[in-house]
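Presented below is the structure to which this report refers.
Throughout, protein chains are lettered first and strands after them, A, B, ... in sequence-line order, and every chain is numbered starting at 1. Here the structure is a predicted model, which is why all the values come from computation and not from measurement.
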Number of protein chains: 2
Amino acid sequence: MFTPLFNHIQKFITLEPSEIKILEASLKISKIKKKEHLLQEGQVCNTLYFITKGCARQYIINPKGSEQTLQFAIENWWITDYLSYHNTTPSHFYIQSVENCEIISIEKNILEPILIEIPKLERYFRIVSQKSFGAMQMRIKFLFTMSAEERYHHFNDHFPEFVQRVPQYMIASYLDFSAEFMSKIRAGKI
Amino acid sequence: MFTPLFNHIQKFITLEPSEIKILEASLKISKIKKKEHLLQEGQVCNTLYFITKGCARQYIINPKGSEQTLQFAIENWWITDYLSYHNTTPSHFYIQSVENCEIISIEKNILEPILIEIPKLERYFRIVSQKSFGAMQMRIKFLFTMSAEERYHHFNDHFPEFVQRVPQYMIASYLDFSAEFMSKIRAGKI
DNA sequence: TTAATTTCTTGAAGTAGTTCAAGTTTTTTA
DNA sequence: TAAAAAACTTGAACTACTTCAAGAAATTAA
């Protein structure tokens with residue numbers, strides 16, 4: 001049930017059976033339907049979510065009233081608002097499932113004592129979040145240096161299966177151009 | 001000498017005197033001149049840098065051959081390429097001082113054993129990097145939702161001292177518009 | 001303190017995107 | 001399986017920016 005997460009953890013550290021038990025006891029798994037919200041703007045985010053099946057996204061509603069996807073998370077990705085989590089401040093983001101999902105969640109007030117009990121888990125979360133930060137730096141690089149068309153092709157080349165899974169307009173906003181423009185790129189009308 | 005770093009660490013965790021000694025022994029402090037490089041594109045980054053005085057930046061050279069700043073780091077900020085650090089892959093970035101700097105550096109092969117010895121430090125780096133990741137999410141939000149002029153004013157309002165310290169063209173590229181356009185915004189010609 | 005270099009400014013011309021509105025296709029729901 | 005809702009497409013008009021080129025101002029070096 002929790003195996004995808006433990007497999008992921010074991011890529012970075014090695015847990016004792018006793019430690020696995022402790023962690024396991026504090027995890028919660030839930031199935032959620034497409035378009036359900038895990039977090040709404042204005043709420044304080046005090047949960048980490050790990051996707052074991054399906055796909056979720058973080059998005060905002062921009063000043064013009066339309067949704068803009070900032071981040072996707074698929075199988076074996078964590079998704080959360082870390083700023084809200086750490087500062088206990090209202091979130092600027094929505095987190096929503098894009099497909100029916102299976103999600104492991106763990107709450108801050110349960111996780112933090114466990115991290116002190118099992119320091120290897122601190123290590124796991126440190127490495128994962130440093131790598132995510134690094135990935136974000138690359139994302140900014142791509143946004144800054146590539147044209148809309150280049151970003152589309154780059155994304156398509158790197159995540160072809162993913163492009164099939166989610167609506168185009170979400171990918172368009174994630175790549176920071178309009179759905180209409182994406183349609184024209186795809187039709188070769190650029 | 002290392003006090004700015006220890007002050008920063010003590011905001012998140014509490015170290016024993018013995019632990020402070022261990023860490024201290026593995027830190028290196030250096031003064032570097034304006035425009036010196038800490039990292040060049042293509043090198044593997046195996047060092048973390050903590051700015052105690054001055055200002056550094058991460059930048060790339062874009063396909064047109066001009067520099068684009070992706071990140072600034074001032075006093076009490078860490079700067080590094082975490083993707084290169086963790087994957088031992090060539091970096092896509094330059095890291096360079098923008099002013100004369102005093103910088104604490106710590107190497108991966110020295111740090112990693114210390115982190116195992118002092119798990120509280122794992123905690124420190126985890127929290128710092130999760131917060132940085134959160135800040136990056138906000139940065140993407142601003143890039144996506146604000147016009148060039150709004151980004152300029154927002155940055156100016158939040159970091160007025162900083163705007164005095166670094167050349168405008170670096171700020172312009174950090175905010176993802178041209179130096180010429182920034183000049184026009186400042187002159188109110190927009 | 002002069003020369004050299006770096007940074008900033010300005011206007012004119014161009015363009016990579018957006019916005020709007022309407023129609024079509026696909027997917028979901030009942 | 002029909003109706004409703006969601007997602008995608010298209011073209012025309014627009015605009016927020018970029019690029020270029022040249023000069024002015026500020027900073028640094030000798």
Side-chain angles (χ1 to χ4, degrees), chain A residues 32-37 54-55 57 59 61-69 72 94 96-101 142-156 162-190, chain B residues 32-36 54-55 57 59 61-69 72 96-101 142-156 162-190:
Chain A
I32 65 166
K33 288 239 170 114
K34 189 170 168 170
K35 300 216 170 174
E36 267 184 54
H37 280 93
C55 172
R57 64 170 182 146
Y59 72 93
I61 298 192
N62 70 22
K64 277 163 205 145
S66 54
E67 295 177 0
Q68 225 158 341
T69 298
F72 288 110
Y94 297 84
Q96 182 197 45
S97 55
V98 175
E99 304 171 340
N100 295 343
C101 286
F142 294 138
L143 285 171
F144 277 20
T145 59
M146 293 173 158
S147 70
E149 198 180 355
E150 287 167 336
R151 295 199 298 279
Y152 170 72
H153 289 305
H154 182 263
F155 191 79
N156 228 348
F162 189 73
V163 176
Q164 309 304 114
R165 278 171 73 171
V166 311
Q168 281 177 37
Y169 72 88
M170 286 187 194
I171 293 175
S173 75
Y174 175 79
L175 296 174
D176 201 22
F177 47 74
S178 67
E180 293 91 336
F181 196 66
M182 174 142 175
S183 194
K184 285 163 194 171
I185 293 172
R186 284 164 48 91
K189 299 195 175 166
I190 298 298
Chain B
I32 65 166
K33 288 237 169 114
K34 189 167 167 171
K35 300 216 171 173
E36 265 183 56
C55 174
R57 64 172 181 144
Y59 73 93
I61 298 193
N62 70 22
K64 279 163 203 143
S66 53
E67 296 176 0
Q68 225 158 340
T69 299
F72 288 110
Q96 182 197 46
S97 54
V98 175
E99 304 171 340
N100 294 343
C101 285
F142 293 140
L143 285 171
F144 277 20
T145 57
M146 292 175 160
S147 69
E149 198 180 357
E150 287 167 337
R151 294 199 298 279
Y152 171 72
H153 289 305
H154 182 262
F155 191 79
N156 227 348
F162 188 72
V163 176
Q164 307 305 113
R165 278 172 72 172
V166 311
Q168 282 177 36
Y169 72 87
M170 286 187 193
I171 294 175
S173 75
Y174 176 80
L175 296 175
D176 202 22
F177 46 74
S178 68
E180 293 91 336
F181 196 67
M182 174 142 173
S183 194
K184 284 162 193 169
I185 293 171
R186 285 165 46 91
K189 296 192 176 166
I190 299 300

What integer distance in Å separates A/Gln164:CD from C/dT26:P?
14 Å
Any idea which of C/dG17, C/dT7, D/dT9 is nearest the A/Arg186 side chain?
D/dT9
Is there a donor-acceptor contact under 3.5 Å from the side chain of B/Arg57 to the main chain of B/Thr69?
no
Indicate whether OP1 or OP2 belonging to D/dA6 is found under 4.0 Å from a side-chain N or O atom of A/Gln168.
no
Closest to the A/Pro167 side chain: D/dC17, C/dC8, D/dA7?
D/dA7
Any donor-acceptor N/O pair, B/Arg165 side chain to B/Glu99 backbone, under 3.5 Å:
no
Check this one for me: any side-chain N or O of A/Ser178 less than 4.0 Å away from OP1 or OP2 of C/dT18?
yes
Whole angstrom value for the distance that separates P of D/dT19 from CE of B/Met182
17 Å
Tell me whether the OP1 or OP2 atom of C/dT28 has a side-chain N or O from A/Lys34 closer than 4.0 Å.
yes
Starting at atom OH of B/Tyr169, determine the distance to atom P of D/dA26, rounded to an integer number of angstrom.
18 Å
Tell whether A/Lys184 reaches the base of D/dG11 with its side chain through a donor-acceptor pair below 3.5 angstrom.
yes
Does B/Ser97 use its side chain to pair, donor to acceptor, with the backbone of B/Glu36 at less than 3.5 Å?
yes
Rounded to the nearest angstrom, tell me the gap between atom CD in B/Glu180 and atom P in C/dG14.
17 Å
Specify the separation, in whole Å, of atom CZ of B/Phe177 and atom P of D/dT18.
8 Å
Answer with yes or no after comparing the ring centroid distance for B/Tyr174 and B/Phe155 against a 6.0 Å cut-off, counting only values under it.
yes
To the side chain of B/Phe181, which of D/dA7, D/dT18, C/dT9 is closest?
D/dT18
Atom pair distance, as rounded to whole Å: CE in B/Met146 and P in C/dT18:
19 Å
Given atom CZ of A/Phe144 and atom P of C/dA16, what is their separation to the nearest angstrom?
19 Å
Have a look at B/Tyr59 and tell me which of B/Met170, B/Gln96, B/Gln68 forms a side-chain contact (heavy atoms from CB on, under 4.5 Å) with it.
B/Gln96
Rounding to an integer number of Å, can you tell me how far B/Gln68 CD sits from D/dT18 C1'?
12 Å
